[in-house]
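Report on the following structure.
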Amino acid sequence: MADRSILVVDDNEINRGILGEIFKDKYNILEAGDGLEALKIMEENEGKLAAVLLDIVMPEMDGYQVLEEMGKRDNLNDVIPVLMITADTSTEAERASYQKGAADVIHKPFDPIIVDRRVSRNIELYDHKNNLESQIDDQTRVLKKQFIYLKKQEEKLKNSNEKVIDTIATIVEFRSMESSYHLKRIKGFVRILALTAMNNYPELGLTPHLVDVITQASAMHDIGKISVPDSILLKPGKLTNEEFDLMKSHTTRGSEIIELLKDVQDKEYYEMSLDICRHHHERYDGRGYPDGLKGEENSIGAQLTALADVYDALVSDRVYKAAFPMDKAYEMIKDGECGVFNEKLLACFEFARPDMEKLVLETKAAEAADKNM
């Protein structure tokens with residue numbers, strides 16, 4: 001421990017000598033006759049001081065003022081134990097020392113055994129505390145690095161999930177004679193509606209993360225159409241009852257396809273994709289399919305996708321119909337011509353209508369530009 005020092009601060013040379021004598025075999029002894037000199041020595045010996053023995057009554061700057069100044073300098077008294085030296089044995093003097101940040105108090109006249117024990121005990125306590133804090137800082141740095149690494153891995157996995165979903169969904173859209181802008185609109189409508197619902201209806205339980213998951217998973221809503229025959233999928237006229245039953249099976253068949261992707265998808269995305277695929281044709285009054293879910297029996301993700309899907313079907317050209325004007329499509333949904341929806345989501349639909357119509361115009365302009373290339 002010879003490389004560590006104890007600083008004795010007292011305007012009385014005899015007191016400094018007595019205290020130095022107690023610790024000379026274990027520490028280097030540094031002396032200061034006043035507070036200003038003490039602060040200078042602390043600065044010059046940063047990281048080397050084991051303790052400071054500080055007299056309260058001194059000229060120019062007393063012990064309390066030195067303590068306050070140490071607090072201003074990176075809270076030095078939190079790192080180095082400061083033991084106040086005083087002849088005042090009153091409770092008030094001790095209380096004032098502790099309140100100003102002292103670790104302990106040494107009374108005059110000095111008892112070498114008591115002084116040695118108090119100083120040694122405080123040095124041990126502070127060394128232990130400082131070592132713990134250092135270990136915690138090291139562990140925090142390690143954990144921070146691990147957290148950053150895990151966040152990067154999470155982002156990679158998320159991007160992988162999105163790529164799998166978008167690739168598969170795009171294949172289905174090509175077969176259905178839909179453009180990639182259909183998926184962009186569906187995901188855009190879902191996000192717009194979900195964010196509006198999150199900000200206005202906290203009871204629906206939406207969070208920014210959940211909105212991201214629902215938005216991405218909504219792209220898988222029609223994956224089951226890959227199992228529907230072209231004669232039905234691309235039929236320009238009205239479907240027969242038998243044909244409509246086959247068309248409706250795309251919800252259950254799609255669920256089966258998504259189950260095959262269970263091992264290559266993140267669990268959260270897999271479960272959301274499965275739910276949306278199976279239940280995006282359910283209706284709030286229980287008259288949807290395939291399970292006849294009613295009200296809140298259906299998840300918020302499937303409900304949002306259902307509304308987005310119906311709106312896109314109305315404002316888009318399909319093999320069996322021309323696109324409706326956006327005003328007409330809005331009124332048809334609000335009037336219940338396309339089934340019953342959650343009143344809260346309909347309120348969100350009304351509020352978000354300008355953003356949704358803007359997305360329709362942007363994607364249709366992009367589609368037209370692609371066709372003219």
If two hydrophobic side chains count as joined below 4.5 Å and joins carry through other members, does [X] share a cluster with [Y]?
X	Y	result
Ile85	Ile22	yes
Phe349	Phe324	yes
Tyr201	Val340	no
Leu30	Leu67	yes
Ile56	Leu39	yes

Kindly check if the number of other-residue, nucleotide or ligand heavy atoms within 6.0 Å of [atom1] ([X]) is above 12?
X	atom1	value
Glu13	CD	no
Glu43	CD	no
Arg287	CZ	no
Arg253	CZ	no
Ile14	CD1	no
Ile148	CD1	yes
Phe351	CZ	no

If you measure from [atom1] on [X] to [atom2] on [Y], what distance do you get to the nearest 0.5 Å?
X	Y	atom1	atom2	answer
Ser273	Leu261	OG	CG	8.5 Å
Ile257	Ile226	CD1	CD1	6.0 Å
Leu314	Glu331	CG	CD	12.0 Å
Gln65	Met70	CD	CE	14.5 Å
Ile186	Asp312	CD1	CG	4.5 Å
Gln135	Thr140	CD	OG1	11.5 Å

Identify whether the distance between the nearest side-chain nitrogen and carboxylate oxygen of [X] and [Y] falls below 4.0 Å.
X	Y	answer
Lys294	Glu282	no
Arg117	Asp104	no
Lys26	Asp116	yes
Asp212	Arg191	yes
Lys108	Asp55	yes
Glu271	Lys267	yes
Lys40	Glu37	no

Which heavy atom in Ala103 sits nearest to a heavy atom in Asn122, and how many Å separate them?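 Smallest interatomic distance, heavy atoms only, reads CB-OD1, 3.5 Å.
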What is the minimum heavy-atom distance between Gly205 and Leu210, and which atoms define it?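 Closest approach of Gly205 to Leu210, heavy atoms only: O-CD2, 3.6 Å.
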Assess Lys129 against Tyr126: is NZ or CZ under 6.0 Å from the centre of the six-membered ring, and within 45 degrees of the ring's axis?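 Yes, a cation-pi geometry holds between Lys129 and Tyr126.
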Could you verify whether a donor N or O on one side chain and an acceptor N or O on the other, from [X] and [Y], lie under 3.5 Å apart?
X	Y	value
Gln303	His280	no
His107	Glu94	yes
Asp309	Thr305	no
Ser90	Asp88	yes

Exercise answer: donor-acceptor pairs, residues 356-366 side-chain atoms, under 3.5 Å, sequence neighbours excluded:
| residue | atom | partner | partner atom | Å |
| --- | --- | --- | --- | --- |
| Glu357 | OE2 | Arg353 | NE | 2.8 |
| Thr363 | OG1 | Arg185 | NH1 | 3.2 |
| Thr363 | OG1 | Leu359 | O | 2.9 |
| Thr363 | OG1 | Val360 | O | 3.1 |
| Lys364 | NZ | Val315 | O | 2.5 |

Are the side chains of [Y] and [X] in contact, using a 4.5 Å heavy-atom criterion?
X	Y	answer
Leu54	Asp10	no
Met332	Cys338	yes
Ile214	Met272	yes
Val52	Pro81	no
Tyr27	Ile123	yes
Phe341	Val310	yes
Val9	Val66	no
Ile6	Val119	yes

Are Arg73 and Glu69 close enough, and set up right, to give a salt bridge (Lys or Arg N to Asp or Glu O under 4.0 Å), and what steps lead you there? CA-CA 7 Å; Arg73 300 186 181 188; Glu69 188 61 31; 3.3 Å; yes
What verdict does the side chain to side chain donor-acceptor pair (under 3.5 Å) test give for Glu296 and Tyr284, after you've listed the backbone C-alpha separation in whole Å, the side-chain angles of each residue and the deciding distance to 0.1 Å? CA-CA 8 Å; Glu296 301 309 319; Tyr284 208 67; 2.4 Å; yes
In a check of side-chain contact (heavy atoms from CB on, under 4.5 Å) between Leu49 and each of Val79, Asn28, Leu7, which one passes?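 It is Leu7, the one option of Val79, Asn28, Leu7 that forms the side-chain contact (heavy atoms from CB on, under 4.5 Å) with Leu49.
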Just one of His250, Met220, Arg278 clears the side-chain contact (heavy atoms from CB on, under 4.5 Å) bar with Ser255, so which one?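 So the option named by the test is Arg278.
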One pair to check against side-chain contact (heavy atoms from CB on, under 4.5 Å): Phe189 and Ser218. What are the steps and the verdict? CA-CA 10 Å; Phe189 294 155; Ser218 67; over 6 Å; no
Candidate pair Asp137 and Lys144, rule salt bridge (Lys or Arg N to Asp or Glu O under 4.0 Å), full reasoning: CA-CA 10 Å; Asp137 287 342; Lys144 187 175 181 180; over 6 Å; no
With sequence neighbours left out, write down each residue that passes ring pair (Phe, Tyr, Trp, His ring centres under 6.0 Å) with Tyr289, or none if nothing qualifies.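 Applying ring pair (Phe, Tyr, Trp, His ring centres under 6.0 Å) to Tyr289 gives His281.
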Any chance you could lay out the side-chain contact (heavy atoms from CB on, under 4.5 Å) test for Met247 and Leu239, step after step, and finish with the verdict? CA-CA 9 Å; Met247 179 63 84; Leu239 299 178; 4.1 Å; yes
Decide side-chain contact (heavy atoms from CB on, under 4.5 Å) for Leu233 and Lys225; before the verdict, give the C-alpha distance in whole Å, the side-chain angles of both, and the deciding distance to 0.1 Å. CA-CA 8 Å; Leu233 191 63; Lys225 286 184 176 178; 3.9 Å; yes
Evaluate side-chain contact (heavy atoms from CB on, under 4.5 Å) for Leu345 paired with Leu193, printing each intermediate quantity in order. CA-CA 7 Å; Leu345 294 192; Leu193 288 168; over 6 Å; no
Criterion salt bridge (Lys or Arg N to Asp or Glu O under 4.0 Å) on Lys238 and Glu243, from CA distance to verdict: CA-CA 9 Å; Lys238 185 177 180 180; Glu243 289 171 335; over 6 Å; no
